[in-house]
Amino acid sequence: WAAIDHYEAAEVSPLSPLRVLAWFSGRLLSTAHWVPPLSVYKLQSWEVLFGSAVLLGLLTLVWFRPQRTAIWAAWVALTLLPFLFIPEELVLEFLPEGPSRYLYLASAGSSVLIALGLAELTARRPRWCGLLALFALMALLVSSYAGIKRVEGFSHYTSGRHHIAANYIEEGAYRLRLAIVEGGDTIPLQDAYLRRCMALLYLSRDPSAELGEALEHFPNDYMLGAIAAVLGSEDPATSERSVEWINAALRRTASSGLGDVFRAHIATIYLNLGKGYLRQNDRAAARSALERALQMNPQSGEVQRLLKEIG
């Protein structure tokens with residue numbers, strides 16, 4: 001339904017569905033079976049060309065190979081077709097872990113094709129063909145084992161997001177830390193750090209160490225920098241400089257059209273900080289943080305409610 005709404009509301013290029021089909025086809029030989037060192041949640045510039053080559057290969061198998069191979073090649077192609085109708089923008093928005101994990105039926109067929117290819121190579125007369133098949137099988141096993149940890153990292157990332165959305169903040173923060181350690185570039189690392197630090201504020205834990213680690217990776221990131229500035233504003237020694245940074249960042253984001261988004265982010269940081277203080281029963285500090293949150297987002301019903309409860 002989201003795809004239908006998108007097509008009705010936006011001008012979509014006729015080539016866009018073909019790009020998506022090529023993207024998903026390429027993922028069958030990149031991240032659906034293995035997890036190479038690429039960000040699975042992004043469409044890489046080379047993936048459309050690679051996926052087009054995979055589609056061409058499938059059509060070649062359908063037309064020129066024996067019936068058993070042709071049937072499985074057709075199976076893969078047909079099970080990819082439903083994704084033709086999902087706009088690229090919606091894939092990036094609603095599938096943060098990338099399309100690979102949704103290719104269940106297609107990857108079953110590509111697994112059979114890989115097995116058939118290895119069996120055919122093994123059956124050939126020259127001895128080197130059998131050795132080549134053995135080497136390929138060993139490479140498959142090794143690469144699959146190496147990819148398991150990277151896949152686990154992404155599983156922890158999605159699990160952490162879902163737990164936080166369901167208000168299981170403690171478990172969500174723990175899962176995000178596992179994702180950061182195990183996922184590396186496979187996951188959206190900036191987002192994982194950001195969600196983890198916000199969760200730590202809510203849990204009344206100091207995120208400074210992990211925030212410093214995040215800023216080493218993303219030194220110019222405004223969202224992470226905002227958390228550091230808010231924490232700095234709580235320290236009398238750095239308060240003035242931190243408030244100046246926040247005001248300057250508000251002006252810059254406003255000039256770029258992102259002022260409302262950034263202001264809401266600052267408000268959420270102060271809200272989580274206030275909730276953390278409430279967990280420590282520090283009502284004065286909580287009130288101060290929540291009042292700053294209200295300055296950034298005067299329409300926040302949650303902030304208003306918490307301030308009334310504090311009294």
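None of these values were measured; they are calculated from a predicted model. Hydrogens, waters and symmetry mates play no part in the numbers below; they use all other heavy atoms, side chains included.
- Hydrophobic clustering (side-chain heavy atoms under 4.5 Å, transitive across Ile, Leu, Val, Met, Phe, Trp, Tyr) keeps Tyr202 apart from Leu290.
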Note to self: Please determine whether side-chain contact (heavy atoms from CB on, under 4.5 Å) holds for the pair Ile227 and Val230, giving the CA-CA distance in whole Å, both sets of side-chain angles, and the decisive distance to 0.1 Å.
What the structure shows: CA-CA 5 Å; Ile227 299 177; Val230 167; 5.8 Å; no
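- To the nearest 0.5 Å, the span separating CD on Glu302 from CG on Leu294 amounts to 12.0 Å.
- Here the straight-line distance linking atom CG of Leu103 with atom OG1 of Thr79 works out to 8.0 Å at 0.5 Å rounding.
- Among residues at least two apart or in separate chains, there is no ring pair (Phe, Tyr, Trp, His ring centres under 6.0 Å) pair with a member in residues 283-311.
- Heavy-atom minimum distance, Gly225 versus Leu215: N-CD2, 4.1 Å.
- Across all non-hydrogen atoms, the minimal contact from Ile246 to Ala229 is CG1-CB, 3.6 Å.
- Judged by distance alone, the side chain of Asn272 and the main-chain N or O of Met198 form a donor-acceptor pair under 3.5 Å.
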For residues 303-311, tabulate all N or O donor-acceptor pairs below 3.5 Å that involve a side-chain atom, not counting sequence neighbours.
from	atom 1	to	atom 2	distance (Å)
Gln304	NE2	Pro298	O	2.8
Arg305	NH1	Glu309	OE2	2.9

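- Connection of Leu200 to Leu224 is not established within any shared hydrophobic cluster, with ILVMFWY side chains joined at heavy-atom distances below 4.5 Å, either directly or through further cluster members.
- Electrostatic pairing of Arg205 and Glu210 does not count as a salt bridge here, judged by no charged N lying under 4.0 Å from a carboxylate O.
- A donor-acceptor pair under 3.5 Å is formed between the side chain of Trp75 and the backbone N or O of Leu105.
- In this structure, the side chains of Leu250 and Met296 come closer than 4.5 Å at one or more pairs of heavy atoms.
- Note on Leu21: it clusters hydrophobically with Leu113, by side-chain heavy-atom contacts below 4.5 Å among ILVMFWY residues.
- Linking Ile, Leu, Val, Met, Phe, Trp and Tyr residues whenever their side-chain heavy atoms come within less than 4.5 Å leaves Leu178 and Leu211 in two separate clusters.
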In residues 237-245, what donor-acceptor pairs under 3.5 Å come from side-chain atoms, sequence neighbours left out?
from	atom 1	to	atom 2	distance (Å)
Thr238	OG1	Gly232	O	2.8
Ser239	OG	Ser233	O	3.3
Ser242	OG	Thr238	O	2.9

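- Ser159 places no side-chain N or O within donor-acceptor distance of the main-chain N or O of His156, the cut-off being under 3.5 Å.
- Heavy-atom minimum distance, Leu80 versus Ser25: CD1-OG, 3.3 Å.
- With rounding to the nearest 0.5 Å, the separation of CD in Gln280 from NZ in Lys275 is 15.0 Å.
- For Gln67, the CD atom is loosely surrounded, since the number of other residues' heavy atoms within 6.0 Å does not exceed 12.
- Between Leu273 and Glu234, some side-chain heavy-atom pair lies under the 4.5 Å cut-off.
- Placement of Leu78 and Ile71 in two distinct hydrophobic clusters is found when ILVMFWY residues are connected by side-chain heavy-atom separations under 4.5 Å, directly or transitively.
- For Tyr193, the ring pair (Phe, Tyr, Trp, His ring centres under 6.0 Å) test picks out His217, with sequence neighbours left out.
- Using the six-membered ring where Trp is involved, Phe262 and His265 have ring planes that are tilted, between 30° and 60° apart.
- Arg175 has its side chain out of reach of His162: every pair of non-hydrogen atoms, C-beta onward, lies at least 4.5 Å apart.
- Remark: Ile114 CD1 to Ser107 OG distance equals 9.5 Å, nearest 0.5 Å.
- Residues Ser110 and Val76 come closest through the heavy atom pair N-CG2, 3.4 Å.
- To the nearest 0.5 Å, the span separating CE on Met223 from SG on Cys197 amounts to 13.5 Å.
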Please tabulate, for the side chains in residues 49-63, all donor-acceptor contacts under 3.5 angstrom to protein atoms that are two or more places apart in sequence or on a different chain.
from	atom 1	to	atom 2	distance (Å)
Ser52	OG	Val48	O	2.8
Thr60	OG1	Leu56	O	2.8

Margin query: Is there a side-chain contact (heavy atoms from CB on, under 4.5 Å) between Arg27 and Glu47? Walk through the geometry before answering.
Written below: CA-CA 8 Å; Arg27 284 297 174 97; Glu47 287 193 272; 2.5 Å; yes
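- Considering only heavy atoms from C-beta on, Arg65 stays 4.5 Å or farther from Leu116 through its side chain.
- In this structure, Ala173 and Leu203 approach most closely via the heavy-atom pair CB-CD1, 4.2 Å.
- Evaluation of the salt bridge (Lys or Arg N to Asp or Glu O under 4.0 Å) test over residues 248-274, restricted to residues two or more places apart or in two chains, returns none.
- Of all non-hydrogen atoms in Ile164 and Gly172, the two that sit nearest each other are CG1-CA, 3.8 Å.
- Residues Ile269 and Leu231 are not in side-chain contact: their nearest non-hydrogen atoms beyond the backbone lie 4.5 Å or more apart.
- Under a 4.0 Å N-O distance rule, the pair Arg196/Glu213 does not qualify as a salt bridge.
- Atom OH of Tyr174 sits in a sparse spot, with 12 or fewer heavy atoms from other residues, nucleotides or ligands closer than 6.0 Å.
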Check: Should Tyr270 and Asn297 be marked as a side-chain hydrogen bond (donor to acceptor under 3.5 Å, both in side chains) after you check the CA-CA gap, both sets of side-chain angles, and the distance that decides it?
Finding: CA-CA 10 Å; Tyr270 276 118; Asn297 185 9; over 6 Å; no
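- A 4.5 Å side-chain heavy-atom check between Tyr277 and Arg287 finds every atom pair outside the cut-off.
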